[in-house]
Amino acid sequence: MTTGNPAATSLAAGHTVGARHEFRGVRTVEHFFTVPLDHARPAEAEITVFAREYVSADHNDAEAAALPWLLFLQGGPGGRGNRVTSLSGWMKAAARDFRILMLDQRGTGLSTPLDRNTLPLRGSVDEQADYLAFFRADSIVADAELIRAALGAAPWTVLGQSFGGFCALSYLSFAPAGLKEVLITGGLAPLHGPADRVYRATFQRVAARNAEYFAWYPEDRARVTRIVRHLELHEELLPDGSRLTPERFQMVGSFLGGNTRVDALHYLLEDAFVATPDGERLSDAFLEQVRAQVSRAANPLYAVLHESIYGQGHATDWAAWRVLEEFPQFRPDAAEPLLTGEMVYPWYFEQDPALQPLADVAELLAAKQNWAPLYDPEQLAANTVPVAAAVYKDDIYVDYELSMETAAAVRGLQAWTTTDFHHDGIGEDGEGIFRRLLGMVRA
């Protein structure tokens with residue numbers, strides 16, 4: 001275990017078992033764990049971390065108790081663990097041989113929540129920023145190690161999707177003794193360098209994905225421009241009362257990040273306009289669908305902490321916003337403006353009602369210089385834990401070239417590269433991808 005690992009300094013997690021349920025071939029158990037806010041100072045403050053256990057009903061109680069654990073680390077940051085009503089996809093495949101622990105990473109879901117309503121409980125804006133600094137991958141890994149000890153689990157299998165893969169790399173860096181094997185899907189983070197290099201690469205991939213989309217649906221090129229120009233001249237309000245600006249509309253480019261969602265963008269755009277007594281306006285159906293894409297009410301941590309996942313010893317300083325200046329085709333006033341990806345900009349905190357109260361703390365986090373390391377390159381270079389990663393060549397969220405750079409830096413990591421899937425591959429063929437990666441680490 002690497003020196004300085006916060007997981008090594010904590011003592012034990014309090015553990016309470018909650019409700020148990022059985023439905024449609026699956027049994028669930030709710031687990032609540034009490035963990036330190038700061039694992040380096042475990043006596044100072046505590047938070048709750050929630051996880052739900054999923055077991056196939058094909059296993060009786062004795063068989064289930066003997067199964068090894070698989071910890072799933074969700075994408076994000078700021079995404080809670082999946083809530084499923086039956087076993088399908090990768091979970092169906094995994095439940096044959098594992099007890100699945102679906103973690104609500106700290107600050108999400110039923111773990112001690114973080115949003116515009118709860119954060120003021122932490123004190124001043126400076127105190128809120130200090131508090132949020134403990135909600136990155138290093139702390140999530142330290143939580144996982146305490147949880148593993150509380151469950152009495154042997155080193156376990158970890159599956160990390162997207163940001164969950166970033167967390168898995170931190171796990172390999174700081175607590176490899178807790179890992180039997182690691183599977184990563186669309187989540188090989190760059191191990192070093194400023195956030196600028198990430199966005200410089202991903203803006204190029206998003207531009208290429210725009211071109212691909214408009215080749216499939218050429219009529220949508222004019223529709224996107226028409227909507228942007230309309231929003232420049234007319235006030236259109238989302239159902240939450242906030243204005244849909246041209247730049248907020250461009251956020252629907254998040255649809256471009258997956259094979260299973262990209263065609264839904266066309267269906268969104270095709271019924272954007274309706275005729276009204278006041279002339280042509282955007283339809284209520286369109287505005288409601290767009291609200292779901294551009295509001296961060298359900299996951300504010302995504303916006304607040306997004307760039308911090310690349311911060312190591314330097315300020316991120318709104319990297320995506322600065323790098324955007326190099327890509328004028330994404331500006332709303334471009335002749336044919338492109339749709340954007342998952343980048344976070346300072347104006348989010350002006351235009352989204354769920355984020356407006358968090359604007360000051362977001363500024364402090366963007367300026368924070370002394371971010372702790374998230375990875376240990378020396379430990380990763382000496383890694384002995386079997387690791388397999390699915391790397392999607394056209395991924396607009398986690399750049400292929402940067403991913404392969406990381407793959408080469410982790411000893412023994414097997415990378416499966418493919419153009420068959422985008423960032424949501426695990427949602428498209430989770431069962432097949434899971435089986436392939438598990439087979440690779442066990443070959």
Side-chain angles (χ1 to χ4, degrees), residues 30 47-52 72-85 102-122 128 131-132 135-137 140 160-164 166-167 186-187 237-245 247-258 260-261 264-265 268 284-309 320 339-359 361-362 365 397 423-424 426-427:
E30 297 174 355
I47 60 173
T48 297
V49 172
F50 172 81
R52 182 174 278 112
F72 181 70
L73 296 172
Q74 178 62 284
R80 68 178 189 172
N82 297 332
R83 269 61 174 166
V84 303
T85 56
M102 185 69 65
L103 184 67
D104 279 357
Q105 297 167 16
R106 51 171 54 198
T108 74
L110 294 181
S111 299
T112 300
L114 269 177
D115 61 21
R116 61 191 172 97
N117 299 307
T118 65
L119 197 56
L121 294 171
R122 305 300 162 185
Q128 293 173 34
Y131 182 77
L132 284 164
F135 286 76
R136 300 199 306 156
I140 293 168
Q161 157 65 12
S162 188
F163 173 68
F166 290 29
C167 294
L237 301 182
L238 296 171
D240 64 4
S242 64
R243 183 172 181 176
L244 178 60
T245 59
E247 57 269 27
R248 287 188 87 186
F249 163 68
Q250 288 176 277
M251 293 169 63
V252 302
S254 59
F255 279 105
L256 299 174
T260 60
R261 300 178 69 233
L265 176 59
L268 169 69
D284 286 347
F286 174 81
L287 291 169
E288 172 58 28
Q289 293 175 79
V290 171
R291 181 206 58 80
Q293 299 301 314
V294 306
S295 171
R296 289 297 174 195
N299 58 344
L301 278 185
Y302 180 90
V304 176
L305 291 178
H306 184 76
E307 288 198 353
S308 79
I309 68 177
L339 300 173
T340 57
E342 67 170 358
M343 297 75 171
V344 173
Y345 311 115
W347 55 258
Y348 275 27
F349 297 86
E350 301 169 2
Q351 299 187 19
D352 186 342
L355 297 179
Q356 287 168 356
L358 305 176
V361 73
L365 292 174
Y397 296 145
H423 196 68
D424 62 350
I426 196 172

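Worth knowing before you read on, the calculation uses all heavy atoms, side chains too, and leaves out hydrogens, waters and symmetry mates.
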Undergrad: Please tabulate, for side-chain N and O atoms in residues 346-354, each donor-acceptor pair with protein atoms closer than 3.5 Å (sequence neighbours left out).
TA:
| residue | atom | partner | partner atom | Å |
| --- | --- | --- | --- | --- |
| Tyr348 | OH | Met343 | O | 2.8 |
| Gln351 | OE1 | Thr245 | OG1 | 2.6 |
| Gln351 | NE2 | Glu247 | OE2 | 2.8 |
| Asp352 | OD1 | Ala354 | N | 3.0 |
| Asp352 | OD2 | Arg296 | N | 2.7 |

Undergrad: Kindly say whether Val344 contributes a backbone atom to a donor-acceptor pair with the side chain of Tyr302 at under 3.5 angstrom?
TA: no
Undergrad: Shortest non-hydrogen contact from Arg83 to Gly109?
TA: NH2-CA, 4.2 Å
Undergrad: Once you round to the nearest 0.5 Å, how far does CD of Glu342 lie from CG of Leu256?
TA: 12.5 Å
Undergrad: Which distance, rounded to the nearest 0.5 Å, do you find between the OG1 of Thr108 and the CG of Asp115?
TA: 12.0 Å
Undergrad: For the residue pair Arg248 and Val294, what are the closest heavy atoms and their distance?
TA: O-CG1, 3.2 Å
Undergrad: List the residues meeting side-chain contact (heavy atoms from CB on, under 4.5 Å) with Ala292, not counting sequence neighbours, and say none if there are none.
TA: none
Undergrad: Show me, pair by pair, the donor-acceptor contacts under 3.5 angstrom made by side chains of residues 74-81, not counting sequence neighbours?
TA:
| residue | atom | partner | partner atom | Å |
| --- | --- | --- | --- | --- |
| Gln74 | NE2 | Arg80 | O | 3.4 |
| Gln74 | NE2 | Asn82 | OD1 | 2.4 |

Undergrad: Applying side-chain hydrogen bond (donor to acceptor under 3.5 Å, both in side chains), can you list everything that pairs with Ser308, at least two apart in sequence or on another chain?
TA: none
Undergrad: Distance check, rounded to the nearest 0.5 Å: Leu305 atom CG versus Phe135 atom CZ?
TA: 8.5 Å
Undergrad: If you apply the rule side chain to side chain contact (heavy atoms under 4.5 Å, CB included), what do you find for Leu265 with Leu339, and how did you get there?
TA: CA-CA 11 Å; Leu265 176 59; Leu339 300 173; 3.8 Å; yes
Undergrad: So, using salt bridge (charged side-chain N to carboxylate O under 4.0 Å, His left out) as the criterion, who are the partners of Arg291 when residues are at least two apart?
TA: Glu288
Undergrad: Hey, can you tell me if Phe286 and Phe249 have their rings parallel, tilted or perpendicular (30° and 60° cut-offs)?
TA: tilted
Undergrad: Going by the rule side-chain hydrogen bond (donor to acceptor under 3.5 Å, both in side chains), which residues pair with Gln161 if we only count those two or more places apart in sequence or in a different chain?
TA: Thr185
Undergrad: To the nearest 0.5 Å, what is the distance between CG (Asn299) and CG (Leu114)?
TA: 12.5 Å
Undergrad: Evaluate the side-chain proximity of Leu237 to Leu287: yes if any heavy-atom separation is below 4.5 Å, no if none is.
TA: no
Undergrad: Within the 4.5 Å heavy-atom criterion, are His423 and Ser162 side-chain neighbours or not?
TA: yes
Undergrad: By side-chain contact (heavy atoms from CB on, under 4.5 Å), which residues pair with Ser111, not counting sequence neighbours?
TA: Val49, Phe50, Asp104
Undergrad: Once you round to the nearest 0.5 Å, how far does CG of Asp240 lie from OG of Ser295?
TA: 6.0 Å
Undergrad: Looking at residues at least two apart in the chain, or sitting in another chain, which of them share a side-chain hydrogen bond (donor to acceptor under 3.5 Å, both in side chains) with Arg261?
TA: Gln293
Undergrad: How long is the gap from SG on Cys167 to CG on Leu73, to the nearest 0.5 Å?
TA: 5.5 Å
Undergrad: Could you list the residues that satisfy salt bridge (charged side-chain N to carboxylate O under 4.0 Å, His left out) with Arg106, not counting sequence neighbours?
TA: Asp143
Undergrad: Holding to side-chain contact (heavy atoms from CB on, under 4.5 Å), I want the full list of residues that pass it with Thr112, two or more places apart in sequence or in another chain.
TA: Ile47, Thr48, Arg122, Tyr131
Undergrad: Suppose we screen for side-chain contact (heavy atoms from CB on, under 4.5 Å). Which residues come up paired with Ala51, at least two apart in sequence or across chains?
TA: Phe33, Leu101, Leu103
